[in-house]
Peer 1: 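First, the structure itself, so that you have it in front of you.
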Amino acid sequence: MKSKHHTLDVELFERWGSTYERSWMQQRLFDPVHSAVLHQAASRFKPASVLDIGCGSGRLLRKVHDYWPEAHLSGVDPAHKMLEVARQLTPEARFSMGSGEALPLEDASVDLALSTISFHHWRDQAAGVREVARVLRPGGFFLLADFTLPTWLAWLLPRVHSAAQMRVLFEQAGLDVQAQPGPVARFVRITIGTKRADD
């Protein structure tokens with residue numbers, strides 16, 4: 001059952017679909033975060049398949065294509081209008097409607113999963129990280145960039161976590177945390193996890 005919070009979030013992004021690419025947030029927030037995430041990923045390995053969860057209009061996947069033109073690209077988003085724009089602007093990727101908690105992908109089918117500034121919208125964040133672990137191949141990476149707060153402040157916003165809380169979410173899902181570089185933008189930290197080879 002969808003929560004009221006989750007429904008309102010999706011409705012908001014449905015309304016933003018046609019103007020999202022022109023938002024001031026793209027250059028001020030998303031582009032720097034995308035660059036940091038891709039730099040961290042590229043320094044670790046070369047993926048054959050990349051998934052963007054909460055892909056919006058496909059902006060990050062277009063940058064992924066520049067990095068790894070041979071990689072198979074997939075995007076998942078719960079907002080139909082965002083996916084319409086993504087399909088128009090990003091023909092090199094395959095897009096599906098879905099959420100972090102219910103990814104429409106097979107087990108162990110992705111080398112690299114990315115999520116940038118969308119995690120605080122996920123309805124069940126722990127279930128979402130478990131879903132990412134499910135679709136990752138053993139040894140695959142998950143790079144999640146989202147707002148973080150110090151532990152002593154995190155209780156104010158239950159959907160925004162401290163670095164320590166993010167580490168726990170990853171480890172409980174079977175992902176080993178490799179690093180947590182940040183901040184890469186104001187209050188934004190990356191958590192980098194890899195799926196254990198024995199899972």
Side-chain angles (χ1 to χ4, degrees), residues 1-3 5-18 20-21 23 25-26 29-30 33-34 37-38 40-41 47-68 71-137 140-147 159 166 169-170 173-175 190-195:
M1 181 177 174
K2 292 183 178 179
S3 68
H5 170 92
H6 182 74
T7 303
L8 290 173
D9 273 1
V10 174
E11 288 174 358
L12 177 64
F13 283 100
E14 291 285 9
R15 290 198 300 271
W16 276 351
S18 61
Y20 191 66
E21 278 286 319
S23 166
M25 291 189 299
Q26 298 295 350
L29 176 61
F30 295 117
V33 171
H34 290 171
V37 164
L38 290 173
Q40 290 290 336
S49 56
V50 182
L51 167 67
D52 183 13
I53 307 160
C55 64
S57 57
R59 193 178 183 94
L60 175 57
L61 284 172
R62 293 194 292 279
K63 297 170 188 174
V64 170
H65 181 67
D66 291 338
Y67 267 74
W68 302 294
H72 179 269
L73 308 181
S74 300
V76 172
D77 200 276
H80 177 71
K81 291 291 186 186
M82 286 291 186
L83 293 175
E84 281 185 354
V85 175
R87 289 183 180 113
Q88 290 172 4
L89 298 179
T90 322
E92 50 280 320
R94 179 176 172 269
F95 294 97
S96 304
M97 185 170 288
S99 65
E101 301 90 345
L103 295 171
L105 285 89
E106 295 181 3
D107 294 358
S109 59
V110 173
D111 289 327
L112 172 63
L114 306 172
S115 174
T116 54
I117 320 294
S118 77
F119 191 62
H120 58 282
H121 295 293
W122 294 18
R123 177 175 47 86
D124 185 336
Q125 293 169 316
V129 180
R130 289 193 300 270
E131 264 291 271
V132 174
R134 178 186 67 79
V135 303
L136 275 182
R137 294 189 177 110
F141 280 86
F142 179 31
L143 276 73
L144 188 159
D146 206 66
F147 301 111
R159 305 174 81 78
M166 288 298 300
L169 282 173
F170 270 53
L175 301 172
I190 304 171
T191 300
I192 302 169
T194 185
K195 184 173 181 179

Peer 1: Could you tell me which non-hydrogen atom of Val85 sits nearest to which non-hydrogen atom of Ser57, and how far apart they are?
Peer 2: CG1-CB, 3.9 Å
Peer 1: To the closest 0.5 Å, what do you measure between CZ (Arg94) and CG (Leu61)?
Peer 2: 12.5 Å
Peer 1: Can you give me every donor-acceptor pair (side chain of residues 102-111, partner residue at least two apart or in another chain, under 3.5 Å) with its distance?
Peer 2:
unit_1: Asp107; atom_1: OD1; unit_2: Arg134; atom_2: NH1; d: 2.6
unit_1: Ser109; atom_1: OG; unit_2: Glu106; atom_2: O; d: 2.7
unit_1: Asp111; atom_1: OD1; unit_2: Arg137; atom_2: NH1; d: 2.9
unit_1: Asp111; atom_1: OD2; unit_2: Ala48; atom_2: N; d: 2.7
unit_1: Asp111; atom_1: OD2; unit_2: Ser49; atom_2: N; d: 3.2
unit_1: Asp111; atom_1: OD2; unit_2: Arg137; atom_2: NH1; d: 3.4

Peer 1: For the backbone of Arg123 and the side chain of Glu101, can you confirm whether one donor and one acceptor N or O come within less than 3.5 Å of each other?
Peer 2: yes
Peer 1: Between the main-chain N or O of Gly56 and the side-chain N or O of Asp77, is there a donor-acceptor pair closer than 3.5 Å?
Peer 2: yes
Peer 1: Nearest heavy-atom pair of Pro91 and Gln88: which atoms, and what distance?
Peer 2: CD-O, 4.2 Å
Peer 1: Just how far is it from atom CH2 of Trp122 to atom CG of Leu144, taken to the nearest 0.5 Å?
Peer 2: 6.0 Å
Peer 1: Could you state the interatomic distance from OG (Ser115) to CG (Asp52), rounded to the nearest 0.5 Å?
Peer 2: 7.0 Å
Peer 1: Nearest heavy-atom pair of Ile190 and Ala145: which atoms, and what distance?
Peer 2: CG1-CB, 4.0 Å
Peer 1: List the atom of Ser118, the atom of Ile53, and the distance in Å for their closest heavy-atom pair.
Peer 2: OG-O, 3.4 Å
Peer 1: Please list, chain by chain and in numerical order, all residues satisfying ring pair (Phe, Tyr, Trp, His ring centres under 6.0 Å) with Phe147, sequence neighbours excluded.
Peer 2: His120
Peer 1: Can you name the closest pair of heavy atoms from Trp68 and Ala41 and give their distance?
Peer 2: CH2-CB, 3.9 Å
Peer 1: In Å and rounded to the nearest 0.5 Å, what is the NE2 to NZ distance from His34 to Lys63?
Peer 2: 5.0 Å
Peer 1: Report the residue from Leu83, Thr90, Leu73 that forms a side chain to side chain contact (heavy atoms under 4.5 Å, CB included) with Cys55.
Peer 2: Leu83
Peer 1: Could you go step by step and tell me if Leu136 and Leu175 meet the side-chain contact (heavy atoms from CB on, under 4.5 Å) rule?
Peer 2: CA-CA 10 Å; Leu136 275 182; Leu175 301 172; 4.0 Å; yes
Peer 1: Is Lys195 reaching over with its side chain to a backbone N or O of Gly140, donor-acceptor style, under 3.5 angstrom?
Peer 2: no
Peer 1: Does the side-chain contact (heavy atoms from CB on, under 4.5 Å) test come out yes or no for Leu169 and Met166, once each step is laid out?
Peer 2: CA-CA 5 Å; Leu169 282 173; Met166 288 298 300; 4.3 Å; yes
Peer 1: Please report the interatomic distance CG(Leu51) to CZ(Phe142), rounded to the nearest 0.5 Å.
Peer 2: 8.5 Å
Peer 1: For the residue pair Phe170 and Val129, what are the closest heavy atoms and their distance?
Peer 2: CA-CG1, 4.1 Å
Peer 1: For Thr116 and Leu143, run side-chain contact (heavy atoms from CB on, under 4.5 Å): C-alpha distance rounded to whole Å, both residues' side-chain angles, the deciding distance at 0.1 Å, then the answer.
Peer 2: CA-CA 8 Å; Thr116 54; Leu143 276 73; over 6 Å; no
Peer 1: Stepwise, does the side-chain contact (heavy atoms from CB on, under 4.5 Å) test hold for Ile117 with Phe30?
Peer 2: CA-CA 8 Å; Ile117 320 294; Phe30 295 117; 3.5 Å; yes
